[in-house]
Amino acid sequence: MTATVDRTIISERVPSSPARLSFTPAGSPPGLLDGAWWPRSRNLFHELPALMKVLDARWDRITRVTVNPAHWPVVPRKVPVTGHTVHVGWFAEEQDPNKLILLSYTTGRWDLLVIPPETGAAAAARLMSAAATPGGLRTASALMASENTTRHAQEAMWRKEEWETDGGAVSATGDPARLLASARAR
């Protein structure tokens with residue numbers, strides 16, 4: 001996906017929905033992530049104000065945000081939020097594509113897993129919980145890969161169950177009638 005840097009600031013904006021977030025508990029041991037954010041779209045200009053509304057109250061004024069442009073079609077340079085402007089930067093090679101870095105002059109840096117907007121609610125809940133684990137040592141991309149592996153395994157299991165329910169082969173050890181029929185055929 002190619003990212004476009006948008007240097008304009010649009011003063012009119014449609015009000016956004018509340019941010020969907022999870023955080024590590026205050027005072028917990030540091031880890032690689034400080035929580036997770038599940039935006040509703042891939043439009044940073046629209047999504048960041050709702051995020052900043054929550055984060056400015058929690059961590060003081062966020063002044064800078066960095067992203068990897070792999071998942072964001074347009075990366076605005078500046079986003080006006082209530083009371084100030086947030087500067088947005090991007091790092092294609094250096095930053096995990098599934099992570100958002102937040103910076104505040106007064107209180108430091110936070111790293112959040114960015115859960116893709118199209119993620120289902122159950123998967124997003126698992127990812128939000130995993131990202132908010134105190135002292136977690138898994139990167140944002142490692143959490144996403146783990147969730148993808150879980151999802152693929154569940155889908156394979158569901159396909160197998162559906163196939164067997166629809167008359168597909170059942171394990172010979174689990175079906176006595178099939179064992180008997182197999183023995184008679186020999």
Side-chain angles (χ1 to χ4, degrees), residues 1 3 16-76 79 81 86 88-104 106-162:
M1 179 182 292
S16 55
S17 302
R20 300 180 290 187
L21 294 160
S22 69
F23 300 109
T24 55
S28 61
L32 294 179
L33 295 170
D34 300 297
W37 175 43
W38 185 23
R40 288 176 170 77
S41 74
R42 293 191 185 273
N43 181 340
L44 272 174
F45 192 81
H46 180 73
E47 295 291 335
L48 283 178
L51 178 63
M52 294 305 115
K53 185 176 182 177
V54 174
L55 296 181
D56 283 353
R58 181 180 176 96
W59 290 332
D60 206 8
R61 181 177 284 192
I62 303 298
T63 55
R64 293 198 175 278
V65 172
T66 66
V67 298
N68 181 312
H71 299 298
W72 303 101
V74 176
V75 179
V79 176
V81 299
V86 174
V88 182
W90 58 273
F91 297 98
E93 300 293 326
E94 301 87 353
Q95 186 168 332
D96 185 328
N98 298 299
K99 182 168 73 172
L100 178 79
I101 298 174
L102 305 151
L103 303 164
S104 168
T106 56
T107 53
R109 170 185 165 160
W110 298 272
D111 295 10
L112 297 179
L113 165 69
V114 178
I115 300 168
E118 61 276 4
T119 304
R126 286 189 299 271
L127 287 163
M128 291 182 109
S129 177
T133 300
L137 297 177
R138 291 172 46 190
T139 64
S141 284
L143 288 174
M144 292 303 298
S146 176
E147 180 58 36
N148 286 336
T149 300
T150 301
R151 182 175 49 85
H152 292 307
Q154 286 176 339
E155 288 172 358
M157 182 182 68
W158 293 331
R159 280 192 305 271
K160 181 181 177 188
E161 287 175 359
E162 182 178 349

J.: Is there a side-chain contact between Trp38 and Thr119 (heavy atoms, below 4.5 Å)?
T.: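 With C-beta onward as the side chain, the pair touches.
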J.: Closer than 3.5 angstrom, by distance alone: can the side chain of Asn98 be matched with the main-chain N or O of Ala140 as a donor-acceptor pair?
T.: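 Judged by distance alone, no pair lies under 3.5 Å.
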J.: Quick test of your reading of the model: are Asp111 and Arg109 salt-bridged, counting only N-O distances below 4.0 Å?
T.: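 Between Arg109 and Asp111 there is a salt bridge, with a charged N closer than 4.0 Å to a carboxylate O.
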J.: Would you find a donor on one side and an acceptor on the other, under 3.5 Å apart, between the side chain of Arg40 and the backbone of Pro18?
T.: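 Yes: the side chain of Arg40 pairs with the backbone of Pro18.
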J.: Would you call Met144 and Leu113 a side-chain contact if the rule is heavy atoms closer than 4.5 Å?
T.: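 A side-chain contact exists here, since the closest heavy-atom pair is under 4.5 Å.
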J.: Regarding Glu147 and Arg126, does a basic nitrogen lie under 4.0 Å from an acidic carboxylate oxygen?
T.: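 The answer is yes: the pair qualifies as a salt bridge.
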J.: Closest heavy-atom contact between Pro39 and Trp72?
T.: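 Closest pair (atom of Pro39, atom of Trp72, distance): CG-CH2, 4.1 Å.
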J.: Taking side chain as C-beta onward, heavy atoms only, is Ile115 less than 4.5 Å from Met128?
T.: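 Sidechains of Met128 and Ile115: in contact.
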J.: I want to check something: taking the side chain as every heavy atom from C-beta on, are Pro25 and Pro134 in contact at a cut-off of under 4.5 Å?
T.: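 Yes, at least one pair of side-chain atoms sits under 4.5 Å.
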J.: Counting C-beta onward and ignoring hydrogens, is there a side-chain heavy-atom pair between Leu33 and Leu143 closer than 4.5 Å?
T.: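 In short, these two side chains touch, coming nearer than 4.5 Å.
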J.: Would a 4.5 Å heavy-atom cut-off, applied to side chains only, mark Val88 and Thr66 as touching?
T.: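 Heavy-atom side-chain distance check fails, nothing below 4.5 Å.
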J.: Without hydrogens or angle criteria, can the side chains of Asp60 and Thr107 be said to hold a donor-acceptor pair below 3.5 Å?
T.: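 No - no donor-acceptor pair under 3.5 Å links their side chains.
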J.: Looking only at heavy atoms, which two atoms of Leu102 and Val65 are closest? And how far apart?
T.: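 That would be CD2-CG2, 3.8 Å.
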J.: Hey, what do you get for CD1 (Ile101) to CG (Leu112), rounding to the nearest 0.5 Å?
T.: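 Output value for this atom pair is 10.0 Å.
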J.: I'd like to know if the side chain of Thr149 reaches the main chain of Ala145, judged simply by a donor and an acceptor atom lying under 3.5 Å from each other, with no hydrogens or angles considered.
T.: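 Yes; at least one donor-acceptor contact below 3.5 Å.
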J.: Checking Gln95 side chain against Lys99 main chain: does a donor-acceptor pair fall under 3.5 Å?
T.: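 Looks like yes, one N/O pair under 3.5 Å.
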J.: Please report the shortest heavy-atom distance between Thr24 and Thr133, naming the atom on each side.
T.: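 For Thr24 and Thr133, the tightest heavy-atom pair comes out as CG2-O, 3.9 Å.
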J.: Enumerate the ring-ring contact (aromatic ring centres under 6.0 Å, His included) contacts for residues 108-137, please, sequence neighbours excluded, ordered by first and then second residue.
T.: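 Pairs touching residues 108-137 that pass the test: Trp59-Trp110.
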J.: Which atoms form the tightest heavy-atom contact between Ala19 and Val54, and what is the distance?
T.: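 Residues Ala19 and Val54, closest heavy atoms: CB-CG2, 4.3 Å.
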J.: Return yes if a side-chain donor-acceptor contact under 3.5 Å exists between Thr106 and Arg61, otherwise no.
T.: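 No, no side-chain donor-acceptor pair sits under 3.5 Å.
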J.: What's the shortest heavy-atom distance between Ala92 and Asn68, and which atoms?
T.: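 Nearest heavy atoms, Ala92 then Asn68: O-ND2, 2.8 Å.
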J.: Side chains of Pro117 and Glu47: does their closest heavy-atom pair fall under 4.5 Å?
T.: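 They are not in side-chain contact.
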J.: Ignoring hydrogens and angles, state whether a donor on the side chain of Ser141 or Asp96 is under 3.5 Å from an acceptor on the partner side chain.
T.: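 Ser141 vs Asp96: donor-acceptor pair found between side chains.
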J.: Are any of the side-chain nitrogens in Arg42 or Glu118 under 4.0 Å away from the carboxylate oxygens of its partner?
T.: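 Result for this pair is yes, salt bridge flagged.
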J.: So, for Val81 and Met52, which heavy atoms are closest and what is the spacing to 0.1 Å?
T.: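 Closest pair (atom of Val81, atom of Met52, distance): CG1-CG, 3.8 Å.
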J.: Under 4.5 Å between any side-chain heavy atoms of Leu44 and Val74, yes or no?
T.: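 Leu44 vs Val74: side chains apart.
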